[in-house]
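A short write-up of the structure that comes next.
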Amino acid sequence: MRGRVRRRVFPLIASAGLILVGMFTTTWGPTLLGRTEWALPYDLWGTLVATTRLAHGNVGGLYAPGTGLISLPGAAVILLPCAALISALGLSLAIPGPANLHPPVWLLAGPYEIALCCVTLFAADALAERLGVPRWRRGLLAAASAGILWSVSARWGHPEDAVAVGLLLYSVLAQGKGRIALAGWLAGAAVCVQPLVLLALPILLALLPWRRMVPFLVRAAVPSAVLLGAAALANWHDTYSAVTSQPDSPVINHPTLWTSLAPQLAGGNVAAGPFRLATIVLACLCAAAIRYRWAAGQAGGQNNGQAAGQAGGQAGGQAGGQAGGQAGGQNNGQAAGQDGARPHRAPLEREWPAEVLSRVLWWVALTLALRSFFEPVMVSYYPWPPMAVALIPAAALGWRRLILSGFLAGGLTAAAQGPSHDDWIWWAPIVAGLILLLALARGPRAKTADRCVHPGVHNDPASLTTPSARD
């Protein structure tokens with residue numbers, strides 16, 4: 001137990017710091033600035049109302065008026081312990097405002113939901129450890145990750161985004177260790193909490209053999225199907241309307257270049273659902289590109305095996321005569337051919353080398369960034385998921401990359417809190433910053449197609465990194 005605590009000491013410290021900073025900036029901080037009302041994340045209140053209904057067995061009330069819930073039911077499930085305590089203590093869930101300046105429920109719900117968000121910090125640290133990132137650099141990663149997590153947790157109150165990304169990262173880690181069944185269940189839990197992680201699932205599927213894809217998809221679909229099915233049976237109309245239309249307001253939030261193309265809804269809202277389906281299609285195209293590269297690597301591996309076999313035959317002929325050369329060439333050719341082909345029959349079913357894991361994380365960050373690139377209406381915390389993931393491969397590339405990426409992510413987080421509703425003043429710089437962050441997190445290209453996967457050989461992760469990753 002002590003060993004585990006020592007291994008995760010940096011995310012533990014960062015989590016404690018985030019809870020303290022988050023509670024200070026929402027309560028005492030505004031008071032010190034002379035404001036009478038606490039600066040609370042109003043979005044959380046609707047989810048708490050939905051969760052309280054669920055805690056009382058009112059499944060049909062999840063998407064009924066008064067909650068504003070548009071995510072999948074997992075967003076409410078993760079708050080159930082907090083909702084049970086709120087009900088037991090008889091705390092009011094009245095919306096904060098002039099008539100409710102200092103709601104006591106925040107003193108319970110605030111630390112709970114911020115602590116929930118910190119699961120991402122532990123997942124990032126576990127992945128950085130797997131990538132061979134030095135200990136103190138992991139400390140800087142935890143600090144940078146906690147800094148940008150403030151927007152999602154304390155400022156806007158959306159723990160479902162952070163929990164979903166954390167579960168997704170643990171799914172990547174499990175698949176990287178060859179535990180594909182566990183990876184499927186973790187991915188399913190992530191989708192059930194916040195379906196934005198659907199953008200990253202095609203990447204994980206692209207790295208699986210065909211025979212493993214269907215079981216993975218089943219595990220990834222079961223949690224959402226069960227919970228959403230229960231909500232739909234209890235209240236079909238409200239559930240269907242909230243989940244499919246995905247309404248958002250370009251007046252309250254930030255319009256983008258695509259706002260005018262989105263279907264118009266009542267009250268000046270637009271439907272984000274069609275654009276989100278389009279981004280999933282783009283994510284699938286990214287996965288197809290990855291799959292194509294592995295197919296090319298398979299052909300290269302077979303060619304390498306044949307060439308090694310011929311070389312072995314010639315060497316055997318020189319050493320032991322023509323008969324020994326033919327026998328040695330045949331045996332060496334078969335063995336080398338099998339060694340060249342074996343990794344590509346099921347290239348990533350076993351433990352991934354560090355280089356593969358880093359590339360997968362980069363592609364996951366890219367697919368999550370598609371939401372910010374093509375969303376018709378943006379909210380200030382939307383850029384967080386790709387930034388949180390991109391910092392991990394950046395940490396594996398050295399101090400310089402991590403420091404630059406951390407400063408850029410912090411600047412983007414601050415800029416995203418701006419009030420502008422001009423898409424060229426607010427949205428365009430955010431997109432440009434995300435592109436630059438992805439560029440900083442991308443390592444140099446591997447020199448050979450099959451360098452990074454040889455399950456039959458013990459690959460040292462340190463030997464698979466580039467010089468810049470070991471500085």
Side-chain angles (χ1 to χ4, degrees), residues 10-11 13-15 17-18 21-22 25 114 117-128 131 133 136-156 158-159 161-166 168-169 172 194 196-197 199-200 254 358 360-373 375 378-418 426-443 468-469:
F10 289 122
I13 295 172
S15 299
L18 180 60
V21 170
T25 56
I114 296 175
C117 292
C118 293
V119 65
T120 309
L121 304 180
F122 291 88
D125 187 70
L127 284 163
L131 289 171
V133 177
W136 288 107
R137 204 187 303 164
R138 284 164 48 200
L140 179 58
L141 171 64
S145 300
I148 63 174
L149 187 57
W150 171 86
S151 172
V152 180
S153 57
R155 176 66 184 90
W156 292 98
H158 282 272
D161 286 55
V163 171
V165 171
L168 174 66
L169 292 177
V172 172
Q194 172 54 276
L196 74 91
V197 299
L199 293 170
H254 302 277
S358 182
V360 170
L361 288 170
W362 187 88
W363 279 102
V364 168
L366 174 63
T367 53
L368 292 177
L370 293 176
R371 182 193 193 191
S372 296
F373 295 164
E375 190 80 0
M378 286 277 287
V379 188
S380 297
Y381 63 90
Y382 280 12
W384 173 79
M387 293 193 296
V389 178
L391 286 176
I392 305 171
L397 294 173
W399 284 101
R400 183 181 303 174
R401 294 284 189 104
L402 178 57
I403 292 171
L404 290 175
S405 299
F407 273 113
L408 179 58
L412 286 174
T413 301
Q417 312 309 312
W426 191 93
W427 173 76
I430 295 295
V431 169
L434 287 176
I435 293 173
L436 179 57
L437 180 61
L438 290 169
L440 286 172
R442 184 169 176 81
S468 62

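Below, each value reflects all heavy atoms present in this structure, side chains not excepted, and no hydrogens, waters or symmetry copies.
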Check [X] against [Y] and note the closest heavy-atom contact, atom names and distance.
{"X": "Ala369", "Y": "Leu438", "answer": "CB-CD1, 4.2 Å"}
{"X": "Ala154", "Y": "Ile114", "answer": "CB-CD1, 4.2 Å"}
{"X": "Ala416", "Y": "Ser380", "answer": "O-OG, 2.5 Å"}
{"X": "Thr367", "Y": "Ala200", "answer": "OG1-CA, 3.6 Å"}
{"X": "Ala396", "Y": "Leu131", "answer": "CB-CD1, 4.0 Å"}
{"X": "Gln194", "Y": "Ala164", "answer": "CB-CB, 3.5 Å"}

Taking the side chain as every heavy atom from C-beta outward, state whether Trp363 and Pro393 have any pair of such atoms under 4.5 Å apart.
no
Side chain to side chain contact (heavy atoms under 4.5 Å, CB included) partners for [X], two or more places apart:
{"X": "Ala394", "result": "Ser405, Ala441"}
{"X": "Leu404", "result": "Arg400, Leu440"}
{"X": "Ile435", "result": "Phe373, Val431"}

Selection residues 119-128 - residue pairs positive for salt bridge (Lys or Arg N to Asp or Glu O under 4.0 Å), sequence neighbours left out
Arg8-Asp125, Asp125-Arg138
Rounded distance [0.5 Å steps], [atom1] in [X] versus [atom2] in [Y]:
{"X": "Leu366", "Y": "Leu437", "atom1": "CG", "atom2": "CG", "answer": "11.5 Å"}
{"X": "Leu169", "Y": "Ile392", "atom1": "CG", "atom2": "CD1", "answer": "4.5 Å"}
{"X": "Leu140", "Y": "Leu402", "atom1": "CG", "atom2": "CG", "answer": "4.5 Å"}
{"X": "Leu391", "Y": "Thr120", "atom1": "CG", "atom2": "OG1", "answer": "11.5 Å"}
{"X": "Leu434", "Y": "Ile430", "atom1": "CG", "atom2": "CD1", "answer": "7.0 Å"}
{"X": "Arg371", "Y": "Leu196", "atom1": "CZ", "atom2": "CG", "answer": "5.0 Å"}

Ignoring hydrogens and angles, tell me if any N or O in the side chain of Trp427 forms a donor-acceptor pair with the backbone of Ser372 under 3.5 Å.
yes
Can a donor-acceptor pair be found, under 3.5 Å and without considering hydrogens, that links the side chain of Arg442 to the backbone of Trp362?
no
Could you list the donor-acceptor pairs under 3.5 angstrom formed by side chains in residues 381-389, with sequence neighbours left out?
| unit_1 | atom_1 | unit_2 | atom_2 | d |
| --- | --- | --- | --- | --- |
| Tyr381 | OH | His158 | ND1 | 3.4 |
| Tyr381 | OH | His158 | NE2 | 3.1 |
| Tyr382 | OH | Arg276 | NH2 | 3.4 |

Enumerate donor-acceptor pairs with a distance under 3.5 Å from any side-chain N or O in residues 144-151 to protein atoms, sequence neighbours excluded.
| unit_1 | atom_1 | unit_2 | atom_2 | d |
| --- | --- | --- | --- | --- |
| Ser145 | OG | Leu141 | O | 2.8 |
| Trp150 | NE1 | Thr25 | OG1 | 3.1 |
| Ser151 | OG | Gln417 | NE2 | 3.0 |

